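We name chains A, B, ... by the order of the sequence lines, and we start the count at 1 in each one. A quick note: this is a predicted structure, and the numbers were derived from the prediction, not measured.
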Amino acid sequence: MSISKTYQPKEAEDKWYKYWLDNGFFRSVPDEREPYTIVIPPPNVTGVLHMGHMLNNTIQDVLIRRARMQGKNACWVPGTDHASIATEAKVVAMLKERGISKKDLTRPEFLSYAWEWKEKYGGIILEQLKKLGASCDWDRTRFTMDDDLSDAVIETFIHLYNKGLIYRGVRMVNWDPAGKTAVSDEEVIRKEVNQKLYYIQYKVVGGDSHLTIATTRPETIMADAAICINPNDERYTHLHGKSVTIPLIGREIPVILDEYVTMDFGTGCLKVTPAHDLNDYELGQKHNLPVIDILNDDGTLNENAQILIGEDRFIARKKIATLLETAGSLEKVEDYKSQIGFSERTDAAIEPKLSMQWFCKMEEMAKPALDYVLEGDIKLIPDKFINTYRHWMENVKDWCISRQLWWGQQIPAWYLPNGQFVIAKTAGEALPLAIEKTQNPALTTQDLRQDEDVLDTWFSSWLWPISVFDGFKDPNNADINYYYPTNDLVTAPEILFFWVARMIMAGHEFRGQVPFKNVYLTGIVRDKLGRKMSKSLGNSPDPLGLIEKYGADGVRVGMLLSSPAGNDLMFDEKYCEQGAGFANKIWNAFKLIKGWEVDDSLSNPNGIAIEWFGNRFSEALKGIEDDFANYRLSDALMGTYKLVWDDFCAWYLEMIKPVYLQPIDRTTYTQTIKFFEDVLKILHPFMPFLTEELWNDELFGQRAESDKCIVAQMPQSGQMNTQLTSELEVVKQIIADIRNTRNSKQLSPKESLDLMIKANSGIDFNKYQPIICKLGNIGELTLVSDTVEGASSFLVGTDEFYIPLGETIDVAAEIERLTKEIGYQQGFLKSVMGKLGNERFVQNAKPEVVANEQKKKDDAEAKIKSLTENLNRLAN
RNA sequence: GGGAGCUUAGCUCAGCUGGUUCAGAGCAUCUGCCUUACAAGCAGAGGGUCACUGGUUCGAACCCAGUAGCUCCCA
């Protein structure tokens with residue numbers, strides 16, 4: 001193959017992804033190996049790849065590829081969820097473009113359009129993940145509305161209903177008047193909004209006086225059920241037991257007393273509107289107030305309002321202000337800021353609304369789900385999220401699981417003519433239950449009407465780790481028994497509660513087991529200014545564009561470079577650039593090795609270099625393994641980065657590199673190729689494409705068809721000679737000091753120098769002579785037993801080094817340098833002596849700490865001694 | 001209003017059980033080099049009152065209390 005000057009990712013990426021796919025490298029079937037399983041957090045089927053997915057899936061792919069190379073049976077299950085609200089919104093929009101209105105369609109007609117949409121546009125995101133290199137077992141791709149998964153949802157509903165954990169009830173829900181559905185608290189986005197506070201006068205019945213309330217929602221006065229004041233509020237004692245009339249409509253409502261009212265907010269008089277405010281609802285329940293709902297599902301006023309019927313709530317607000325003013329009931333209007341909820345999907349202002357919904361009781365299921373986490377059966381990474389998790393689980397609220405939509409699993413509740421209902425999977429199964437319940441044998445399936453609503457999408461996805469392995473249809477099948485519980489889940493903290501926690505509940509309820517052992521929580525990908533990436537800000541780069549520009553490997557490295565678990569990632573394209581630069585560095589190391597000719601007649605001059613790198617590799621690998629074990633992925637990557645760039649390229653290759661166009665000996669060549677192979681292996685989880693491309697080069701000889709980097713056996717750290725690696729750190733320092741000496745004396749690196757070493761530490765420098773000479777460009781290296789006069793000198797540890805520079809030595813500068821160094825060492829010695837002179841330190845500190853201080857003292861004294869000697873000689 | 005978390009170099013972050021010359025890394029910056037693998041590079045250098053104030057301790061970036069600022073969650 002011809003070697004290009006820089007690495008060209010595009011070709012390698014397409015080629016190798018196809019190869020892996022076609023040859024079943026991502027495929028997993030149960031066998032005797034240890035399983036390692038990840039289920040993907042199913043992206044929204046309407047979704048397109050964004051930076052959050054890039055981060056999340058890069059992490060999953062790194063974990064799964066590493067496990068695969070560790071010899072585990074790695075299975076990454078991909079799929080999508082049906083995202084009822086988002087998808088239905090897209091389908092409605094599509095129909096609108098075709099001039100079709102949803103309300104003119106029957107449910108089956110609408111659903112066939114929805115499936116058409118899903119088949120055509122759904123799951124684009126999965127194709128995009130392939131560009132990133134995601135090694136999912138695509139044969140296992142699932143969708144939360146697949147027949148089997150839907151069956152599981154329905155059966156789960158029936159099971160929980162029969163257990164008494166699902167009930168129907170009137171509740172205040174977050175109503176989205178644009179989507180005409182209830183949405184969960186989590187789907188409501190709170191924003192600070194500029195509003196107006198209207199001060200409205202209500203006439204007190206039986207007198208001329210009035211009271212004034214302050215409200216941001218004057219259009220709801222027609223729904224008022226009472227005025228509430230604090231019983232301790234002395235301004236209003238005269239109102240106790242009185243009634244007032246609502247302006248414009250003249251309805252009479254009581255004045256009630258409750259300490260709930262804050263005296264210093266507004267006027268201290270609170271209008272109580274149970275149908276349209278959660279707090280008012282609770283207050284209304286407490287005081288037995290009637291509930292008067294004046295709003296239609298679409299946010300317009302209904303007959304109960306008596307006036308402005310049919311007007312939208314916001315228009316009604318403006319109009320009623322005018323009406324009140326005309327009637328003389330509007331005292332004043334003030335500007336006011338407050339938090340308002342908006343629908344995540346439609347951006348409509350959320351309307352608190354009473355409606356009949358289905359609920360799932362949480363308290364009973366939350367308990368074991370909390371215990372799994374508290375007892376460590378499930379680890380949250382980072383563990384700071386345990387507190388949040390506990391707080392939520394201890395204050396859990398029942399889960400509203402119904403949605404007023406068609407796209408999703410229809411609730412298996414069947415209503416009877418008399419208003420009762422039964423729960424069953426089909427009308428056929430519902431009928432006998434209905435007959436039994438009503439004692440009316442004349443009933444037919446024609447008399448049954450299924451609930452119109454569908455279940456919350458999370459009611460599907462909480463089953464995901466079980467349902468993707470058919471654990472409901474066939475609870476004892478080979479897959480579920482083998483792959484479940486899964487190992488790691490990688491997701492965002494935002495959905496810790498309504499997805500992760502509920503999966504844990506489902507895992508316990510339906511399998512008696514945790515669904516996964518570790519939950520890795522990623523942060524939010526923000527722009528470099530710290531803003532959340534969003535379409536409206538336009539601050540998100542196009543992920544596929546990034547891959548095009550920097551290569552998938554470069555982007556993967558970029559994503560991981562600065563994203564510790566649980567921390568937000570301040571994304572900057574520079575990270576991808578760094579990743580691409582790293583890929584290029586590896587490419588060039590390859591080019592160097594590839595260019596060597598072997599001469600079998602040469603002996604190996606690189607014994608120490610080879611021995612050193614072998615040990616250094618093991619040492620660095622130990623750290624990397626430790627980082628992985630603790631899910632410190634960016635640290636593991638940085639450890640790998642430095643091992644490859646610094647140790648392998650900058651030091652090892654420089655040590656052994658033959659002079660230009662000179663051949664290399666066989667041993668060094670073979671060893672270096674082996675090292676490079678190991679380097680490719682540890683890089684593979686981070687940079688799968690480049691490593692596979694190089695792995696298959698003829699440099700490594702003929703490989704078997706199955707011998708691919710993706711399944712190569714990950715090296716493991718073993719025994720290592722730490723004396724060698726730490727001595728080499730000294731050698732590196734010597735070389736750096738030689739280079740520094742050259743630098744400060746303005747000498748060319750090409751000019752060879754001599755080096756004399758007065759070894760005091762016991763290091764055998766003869767051993768390192770070839771390395772020092774080669775990298776420091778030293779002509780002659782000699783070991784001496786006395787200090788050398790007229791030479792530039794430096795200290796590494798306690799060893800002394802001299803470079804004779806003849807006439808060129810600048811005595812004054814050298815004296816200054818030595819004096820400064822002595823000063824520093826004396827200061828250091830003083831601080832050490834301070835500790836050692838402190839009796840309480842010597843008594844209380846651990847013996848090894850004290851011994852260490854003693855050693856520091858000895859070293860400092862030795863250094864000062866030799867520095868002083870040098871100084872004295874120069875001064876003479 | 002309640003709860004959780006954060007604050008270390010210009011930027012993004014490590015710093016694990018308080019103890020090694022512990023104040024670190026990467027990037028950025030500055031200086032010098034086109035030395036035939038790589039200028040997407042090489043060789044060096046500078047840069048910090050560890051938010052602030054107290055306390056505990058022989059010893060604090062680390063433990064405790066308070067203050068300030070920021071973020072998130074719940075209301």
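Panel note: side chain A/N760, backbone A/T798; a donor-acceptor pair is recorded below 3.5 Å. Judged by distance alone, the side chain of A/K657 and the main-chain N or O of A/I593 form no donor-acceptor pair under 3.5 Å.
A distance of about 16 Å separates the C1' atoms of B/rA60 and B/rC52, rounded to the whole Å. Rounded to the nearest Å, the gap between the C1' atom of B/rG47 and that of B/rA23 is 13 Å. Between B/rA14 and B/rA9, the two P atoms lie 13 Å apart (nearest whole Å). Going from the P atom of B/rU17 to that of B/rC63 covers 9 Å, rounded to whole Å. B/rU49 and B/rA39 are spaced 39 Å apart, taking the C1' atom of each and rounding to whole Å. Separation of the P atoms belonging to B/rG46 and B/rG41 is 22 Å when rounded to the nearest angstrom. Rounded to a whole angstrom, the distance from the P atom of B/rC42 to that of B/rC64 is 44 Å. Taking atom P on both B/rG66 and B/rA75, the two are 27 Å apart, rounded to the nearest angstrom.
Counting any heavy atom pair closer than 4.0 Å across all strands shown, A/E394 reaches no nucleic acid atom. Across all strands, A/N844 comes closer than 4.0 Å to base atoms (heavy-atom distances). Using a 4.0 Å heavy-atom distance criterion, A/A736 is classed as a sugar-phosphate-only contact. Across all strands shown, A/K855 has no heavy atoms under 4.0 Å from either base or sugar-phosphate atoms.
Under the 30°/60° scheme for interplanar angles, the aromatic rings of A/W458 and A/F498 are found to stand perpendicular. Between A/Y652 and A/F648, the ring-plane angle classifies as parallel under the 30° and 60° cut-offs. Under the 30°/60° scheme for interplanar angles, the aromatic rings of A/F675 and A/F613 are found to stand perpendicular.
Among the nucleotides B/rA37, B/rA40, B/rG5, the one closest to any side-chain atom of A/K591 is B/rA37. Side-chain proximity of A/K384 to the nucleotides B/rA37, B/rG5, B/rG19 is greatest for B/rG5. Closest approach to the A/A589 side chain among B/rG19, B/rA37, B/rU12 is made by B/rA37 (side chain taken as heavy atoms from C-beta onward). Ranking B/rG44, B/rG19, B/rA37 by closeness to the A/N740 side chain, first place goes to B/rG44. Here B/rG26 is the nucleotide among B/rG26, B/rA4, B/rU20 with the atom lying nearest to any side-chain atom of A/M638. Proximity note for A/W645 (side chain, C-beta onward) versus B/rC74, B/rA37, B/rC42: the nearest is B/rC42. Relative to the side chain of A/Q578, the nucleotides B/rG26, B/rA37, B/rA43 differ in distance, and B/rG26 lies closest. Nearest nucleotide to the side chain of A/A845, out of B/rA75, B/rC13, B/rG19: B/rG19. In this structure, of B/rA25, B/rU35, B/rA37, it is B/rA37 that holds the atom nearest to the side chain of A/N588.
Proximity of A/K657 to the phosphate of B/rA37: a side-chain N or O atom is located under 4.0 Å from OP1 or OP2. For the pair A/K585 and B/rA39, the criterion of a side-chain N or O lying under 4.0 Å from OP1 or OP2 is not met.
The 5' end of RNA chain B is approached more closely, in terms of each residue's nearest nucleotide, by A/Y641 than by the other of A/Y641 and A/A650. Checking A/P749 against A/R739, the closest nucleotide of RNA chain B that is more toward the 5' end is the one next to A/P749.
One finds the CD1 atom of A/I378 at 3.5 Å from the CD1 atom of A/I504 (value rounded to the nearest 0.5 Å). The OG atom of A/S540 sits 6.0 Å away from atom CE of A/M51, with the distance rounded to the nearest 0.5 Å.
B/rC74 atom C1' lies 16 Å from atom CD of A/E494, rounded to whole Å. For the pair A/D626 CG and B/rA14 P, the computed distance is 16 Å after rounding to whole Å. For A/W596 and B/rA37, the CH2 to C1' distance is 9 Å, given to the nearest whole Å.
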Watson-Crick and G-U pairing of RNA chain B, under 3.5 Å, as dot-bracket with | and [ ]: (((((((..((((.....[....)))).(((((.......))))).....(((((..]....)))))))))))).
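Put simply, the side chain of A/E654 and the base of B/rA37 share a donor and an acceptor less than 3.5 Å apart.
Listed by chain and number, the residues in a side chain to side chain donor-acceptor pair (under 3.5 Å) with A/K379 amount to none (sequence neighbours excluded).
Two residues are said to be in side-chain contact when any heavy atoms from C-beta on lie closer than 4.5 Å; A/M54 and A/V555 meet this criterion.
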